[in-house]
Amino acid sequence: MTALLTADWCPYGKNGYFRKVEIYDMGWIGDINIDNVVIVAARFGGPIAVVRDRTKPGKIAPKSMGKPVIAIYSAAGNLISSFVWNSGHLIKLGWSAKEDLICVQENGEVLIYNMFGKYIHAFRMGQEVEDTKVIDAQVFFSSVGTGVCVLTGAYRLFFTNSITEPKVRKVAEIPGSPDVPNSWAVVCEDRQTHILLSKATEIYYMSESEVIQKSINIGNEDRIYIVSDIAISPCYKYVALYNSQDQLWIGTSNLRTNFRHHNMQGSGRPKQFSWCGSEAVAGCWDENIVIIGRNEDSINYFYDVPVKLIPEIDCVRVLSSYTTEIIQPVPKVILETYRLNSTSPGSYLLEASKQFNKKNHRANEYIHLVRKELISAVNQCIEASSHEFSPENQKMLIHAANFGKTFAENYNPENYVRMCRTLRILNAVRNPRIGILLTYPQFEYLSLKNLLDRLKRRRHYYLAIKAADYMRLNNEDGSTSILEHWAHYKVSQDTDKEQVALDIANKLGHASGISYISIAKKAVALGRLTLAAKLIDFEPQPALQVSMLLSLDKYSQALDKAVQSGNTDLINIVIVKMSHLRKSLKMSREDFQLEIRKNVTVYALYKKYCEEFDKEALLNIYRQEDDNNEVAACHLKNAYDPKNFSSRTALLESAKESYKKAKNDTNMILCEEQRRLLMKQRELEDKFKREFVDLSLQDTIYRLLMLTEAKTADEFRTMFRFPDRKYWWLVIESIAELGNWTELERISKKKPILGYEPFVQICLKHDNIYEANKYIDLVKDENKIQYLIKTKAFTKAIRIAEAMKDIDALEYIRAHCDNSSLMDVNSALTRLTVPK
Amino acid sequence: MSAHLSRGKLNIGLVQEQARKELLDLLDRCQGSKIIIWDDGLSGPFGSIAEYSLLKKWGVKVMFPLRPGKLKLNDVDSVIFITRPYLKLMNCIIDIIHGEDNSRKIKKWHLFFVPFKSLLCEEYLKNKGVFGSLTSVEQISHCLIFPFDNDLMSMEIESAFKEFYVESDPTCLFQISKTIVMLEELFGPIKRISGKGKAANQVIHLFERMKNQNDNSSPTKYQNVSQIDQLILIDRESDLLSPLATQLTYQGLIDELFGINNSVVKLPAEKFAQDEGSKDVMKPTDDKHFMLNSSDEVFSEICDKNFSAIGQSLSRRTKLISSQIEERHDKSLQEMKLFVAKLPHLLAVKKSLGNHMTIAEMIKDVTKSDEFGDLVKNEHEMILGSIGDRINPYVEDLMAHKADLVKVLRLICVQSIVSCGLKSKVLDQYKRDIIQTYGFQHILTLTNLEKAGLLRTQQGSRSFAVLRKTLKLISDDNSGTSSEPKDIHFVHELYAPLSVRLVQQFVKPQGIRNLNDVISLIPGSIADFTIDQKSSPFPQRRGSINSLTDSAKVVLVFFIGGCTYAEIAALRFLSQQEESNAEFVIATTKIINGNTFIKSLMEPLVDS
């Protein structure tokens, strides 16, 4: 069995091997003749674009009316799509890193299609390119994405580093006489884009700003030759040059270091010249592929059919009309595990496992051999399995790993589990129906996320979701984004809007972290507005719903959603947008008001908004609603706005009328009285040159009394029905304030309307105990003790209380008197309480 | 995490930690030295999340308040506005950005909204051409509610009650719902939800909606162990009386008399003994700031007691501490070492005792006055129903002497509420009196009070009398002032807050069913239901959890429209009762008192 495993190995160099693995029987058998077509394949086992080679004779597809047909196949040769090329003269095809087809036209226009032949976008390489025409082009991978470089008929080079944000740069002029270059290639290293170009006998290393002429010594110095072919390795680190004397030069892409010279002696110019990973150069002479190691050796593979070489990062894909094979150096771990007489732990473990399956006792011996290195043995088997393409071999190695695992203590199975899962995914995507030819190193390089993107792009949604779940991706990275992609596709495909929205909602569920808005935006972009509206309904985030509906001018729905959310900010923004529309007359008054009044909260918030920004509108609304109380309130607020000072009386009158309509009699009267008071106050201001406006009635009267205008004050009292009690308080207070104690005494004799307590109080307030004592005897009996205390006449208070036999009063005195009277109180209390 | 926050049954420190992390993460994204320009309404509350010293470590050089007009800004790399999403504040931002001198070092402007970004504000800034100047616009969405103490959180929305009941603007309800969602994320799903009042019901509705959306998307975000057993939403509408009644607990009185903002009271410094160590001379006009929360051991003991009972506590503590300090004599070296270790703590307690004695003296100066005594007496008479719906002569006298309008309005509103409205003649008379005394500019204030239901004309029913009796709102044994009260009446000496009585009913396993007739006299519909734990995606571990926490269930009481320190004291009192089976955690839109409550509803036509 071991012999079988190494059957397709070819020895290479001292300890190495190359292997050739057949992967696919091509689905295109019978349709494609490799010799007569141009084949362009995307990296990482991506799709293959095929177009008839116009330089060669061949059958023309009848429907195409002589125009070229571009057919896109999966790596397994199954047709994905085909379309008739209707644009200008096609110079070159290429694939972007995102597996979009790049078509460069003679006029410098670059068109991008997806693998289903759907046009995505286009850009131009500039006027100069258009004028001088493109004669050759190359697609390359820069640090910012996929780039395109063109060579014009005037032998100038132009490139852009990114096809998504194309910024065209012009490469410095090629020195010497204008002539077609023999060969050229793009080198992208360290964020710098350079062109390696050979013309006549020279080699130039060119950038935007400078041209460096490189002199390298390929063959015999004395003989003149030209470099006919340049091949850059997929990693852009190495270059291979082939000259007219059939000599090969391999070195670093900056041409500074040389690894190897090799003479092909009379082979002639290769039909294809490229790399096999970065380990070796692969050249194709007729039906013969020669793998020339970077440092040593070479291997010949003979084919009996025409083939096409496609360089990958770790191998070269060999396409023929019938099969796809890969040629690659045998990975070290495979080598160690499989090679005869290998003493690596993995090899022993594999053997042990095989013997165990045969129920042979030698299994034990092999296990003993690796006992000490069991963990690395297991790891070796696991790693080796990753480089296998046939499930049987994978199983064999995984079984071995599993077998070894049972003997290992504390083995962390994480690696093992992950590899099992990864292998399943890889096998699934390599299946010809899917047709992604991905090696394990390529998978590692791409990452799982990128692989899922590839599946999404091929519309293998189901597999993508299963893979994401199987690899235990969280929803955000996995199923959610896949479903979203599916929904976007769905939106652009199906025509029945109800059904699409429902389908999407059923599949995606409510609020599973999916942005329905982004799906809806897609629908809008496709002009499917009703479908978009339906999709918005499913969006769980109200803020997104509202913004989206607003951008679609669906105000009514936006308002509904805002109200449902309870978020007043959203309601406000809709109101503001609508009132702008209303102002620019894009919305009728009826429509506007209908919306605003649909809901209590909306109405309330609109009023609040108007309060700040549009008082006029507010008044109108209240008027229409016959909410006269509020109309009055508006008038009042206006009346007291400083800029309406002069029209205040009129506005008070309006407020009064509104209150009257509202049958709010109290406020109506208050307004009317205020209006009259205001007019009177203005008169007073004129007369006394003092401020009266904005004083209350009470303050007005008091100020008049302080101005000793008792007569006018009294007029105000009667005019505004000011209560007598309060009026007299004011009188007394003002007199006391003015210090007119004789006047106070005079009044006390005339008008005891308040009783005499206020007289005592007011005197005390001005700390005039002398005056207070004048009135103390006139105070009503029930209040007398309290007032006596206030005037600090404790002895008298005690006497009266005792006379009245009022124990409570004595207690009260005790609580409030000073220390000198304390004894008196106590003795009075004893006299009363102790029975005689 | 501040230590005093995490001592309760619910670790409120988590709320702080989460908000702080979000703030600091956002600050990290702004480069270099920073200036923060604060919305006035936020700078205070944010003190409970990240103190200035911490912000300094994050490169904050200076902080300014956000005010209209230009601002001279030092040379820094980043200027950060932290603001609520109000258009008025956007104007201030525009002023500042436009006022910036171009010749100076170019700054990066950042705008952090609290708690949520606003499309409206962004649109406004775009229209004014300022939006483009902002390097980043973010939101600090976890600063919905600010942790004040180990059982107390406040959203610090001053005008919540007015917004909803006068202007029908439900903004705060949305934020409350979001807050509850956030609390669920921190403390696990709530098992039972009860509520009373219009706003409470709307909040429940919104909350369930949001939860449905969240459930589907990311149930993993949730804590799966329920730490909150019940949520009780109390709508201020269902008890308007309690905020108006004069609070007579220590903390309540400090708030009534001096005002507490974000747990801090400012008092004139000259009243307090200077720190012995500090040499810097304080100007007599300087205010001294006192942080009032459970990190102060002395305060935490007396804050919820009736004021008349705290003298005893303070003197007992004083004796204890002096004896402890005196003990230092006749000690062995070993004992002395222990004593020295304890000393800083003892000195801190001693200092705190001194401060609280001074504060108590200051309160006493007011409470012993006739003026205060008369006020409380009259208020009690009204609540007892002995004044009825006639003109209250005491109020009349107050107006005659032009006493503070807020005080007058408070009393009139109390009368209106306990009499279930005033006779229209009486109401008119009051209105007239107010206008004549304080001026016409207060007419809309009166309208607002009517809209809010604080003032109204009588509508037949005498529901308050029924409630007073059935819910025992009045103490029958004068135990209010005793140091060992038996019931919650002590917080107002006579009156037990109706809101807390409601909570007591809701906590019962059978809910309010038994008292349905009575409770229905209170405005607003009732909600009370258990969340079906089976349908929820969270594993129910009833057996294991309950056996551990069998003692008392954790009840989150959420006051929509604000609550008073007296209500807080009453709930804390209930938590501490032996027979109590509930431990209360309190959340509110704002801590209010009668004065701030009335002021929030005032709308004078002329600024006085």
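A, B, ... follow the sequence lines: proteins, then strands. Residue 1 opens every chain. Scope of the values below: all heavy atoms of this structure, side chains included, with no hydrogens, waters or symmetry mates.
- Rounded to the nearest 0.5 Å, atoms CG (B/Leu119) and CD1 (A/Ile571) are 12.5 Å apart.
- Proximity to chain A (any heavy atom under 4.5 Å) is restricted, for B/Lys451, to the side chain, taken from C-beta onward.
- For A/Leu605, the part sitting under 4.5 Å from any heavy atom of chain B is the side chain, from C-beta outward, and nothing else.
- Between A/Asp569 atom CG and B/Phe174 atom CZ the span is 8.5 Å, to the nearest 0.5 Å.
- Heavy atoms from other residues, nucleotides or ligands lying under 6.0 Å from CD of A/Glu691 number 12 at most.
- Heavy atoms of A/Val576 lying under 4.5 Å from chain B belong exclusively to its side chain.
- Residue A/Leu678: no heavy atom, backbone or side chain, is found under 4.5 Å from chain B.
- In terms of non-hydrogen atom pairs under 4.5 Å with chain A, the most contact-rich of B/Thr171, B/Ile435, B/Leu427 is B/Thr171.
- A donor-acceptor pair shorter than 3.5 Å cannot be found between the side chains of A/Lys607 and B/Ser168.
- The greatest number of non-hydrogen atom pairs below 4.5 Å with chain A, out of B/Leu173, B/Asp433, B/Leu446, is found for B/Asp433.
- With B/Gln436 as reference, A/Leu697 is the one residue of A/Leu697, A/Ile701, A/Leu670 to meet the side chain to side chain contact (heavy atoms under 4.5 Å, CB included) rule.
- With contacts defined as side-chain heavy-atom distances shorter than 4.5 Å, the pair B/Met399/A/Gln698 does not qualify.
- Other residues, nucleotides and ligands contribute over 12 non-hydrogen atoms within 6.0 Å of the NZ atom of B/Lys126.
- Between the OH atom of A/Tyr659 and the CD1 atom of B/Ile443 there is a distance of 4.5 Å, given to the nearest 0.5 Å.
- Interatomic distance, NZ of B/Lys402 versus CG of A/Leu730, reported as 10.0 Å (0.5 Å rounding).
- B/Lys368 does not touch chain A: none of its heavy atoms, backbone or side chain, sits under 4.5 Å away.
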Check the pair A/Phe613, B/Leu87 against side chain to side chain contact (heavy atoms under 4.5 Å, CB included), reporting the backbone distance first and the verdict last. CA-CA 11 Å; A/Phe613 295 100; B/Leu87 291 179; 3.4 Å; yes

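- Heavy atoms closer than 4.5 Å to chain B are found in both the backbone and the side chain of A/Gln564.
- In this structure, A/Lys583 places its NZ atom where more than 12 heavy-atom neighbours from other residues, nucleotides or ligands lie under 6.0 Å away.
- Heavy atoms closer than 4.5 Å to chain B are found nowhere in A/Ile762, neither backbone nor side chain.
- Looking at B/Glu396, there are no atoms closer than 4.5 Å to chain A (heavy atoms on both sides), in backbone or side chain.
- Taking CG of A/Asn567 as the start and CD of B/Gln175 as the end, the distance is 9.0 Å to the nearest 0.5 Å.
- Residue B/Lys128 qualifies as open at atom NZ: its count of foreign heavy atoms under 6.0 Å is 12 or below.
- How far CD of B/Glu450 is from CG of A/Asn664: 7.5 Å, rounded to the nearest 0.5 Å.
- Interface check for chain B: of the options A/Ala639, A/Ser565, A/Ala543, the most heavy-atom pairs under 4.5 Å are formed by A/Ser565.
- Interface remark: A/Leu570 contributes side-chain atoms only to the contact with chain B (heavy atom separation under 4.5 Å).
- Counting heavy atoms of neighbouring residues, nucleotides and ligands inside a 6.0 Å radius, atom CD of B/Glu123 exceeds 12 of them.
- A 4.5 Å side-chain heavy-atom check between A/Asn667 and B/Thr447 finds at least one atom pair inside the cut-off.
- If you measure heavy-atom distances from A/Lys608 to chain B, the contacts under 4.5 Å come from the side chain alone.
- Contacts of B/Leu605 with chain A are made by both backbone and side-chain atoms, with heavy-atom separations under 4.5 Å.
- With chain B as the partner, the residue from A/Gln674, A/Arg721, A/Glu733 showing the most heavy-atom pairs under 4.5 Å is A/Gln674.
- Looking at A/Ser547, only its side chain comes within 4.5 Å of chain B, counting heavy atoms on both sides.
- Neither the backbone nor the side chain of A/Tyr702 comes within less than 4.5 Å of any heavy atom of chain B.
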Dump the intermediate steps for side-chain hydrogen bond (donor to acceptor under 3.5 Å, both in side chains) on A/Lys726 and B/Thr437, then the final yes or no. CA-CA 10 Å; A/Lys726 285 171 85 179; B/Thr437 312; 2.8 Å; yes

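- The aromatic rings of A/Trp729 and B/His401 sit perpendicular to each other, their planes meeting at more than 60°, with 30° as the lower class boundary.
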Would A/Glu673 and B/Arg432 count as a salt bridge (Lys or Arg N to Asp or Glu O under 4.0 Å) if you check the C-alpha gap in whole Å, the side-chain angles of each, and the deciding distance to 0.1 Å? CA-CA 10 Å; A/Glu673 284 185 355; B/Arg432 221 185 134 72; 3.0 Å; yes

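- One finds a salt bridge joining B/Asp397 and A/Arg725 here, because a Lys/Arg side-chain nitrogen approaches an Asp/Glu carboxylate oxygen to under 4.0 Å.
- Contacts between B/Phe116 and chain A at a heavy-atom distance below 4.5 Å are absent for every atom of the residue.
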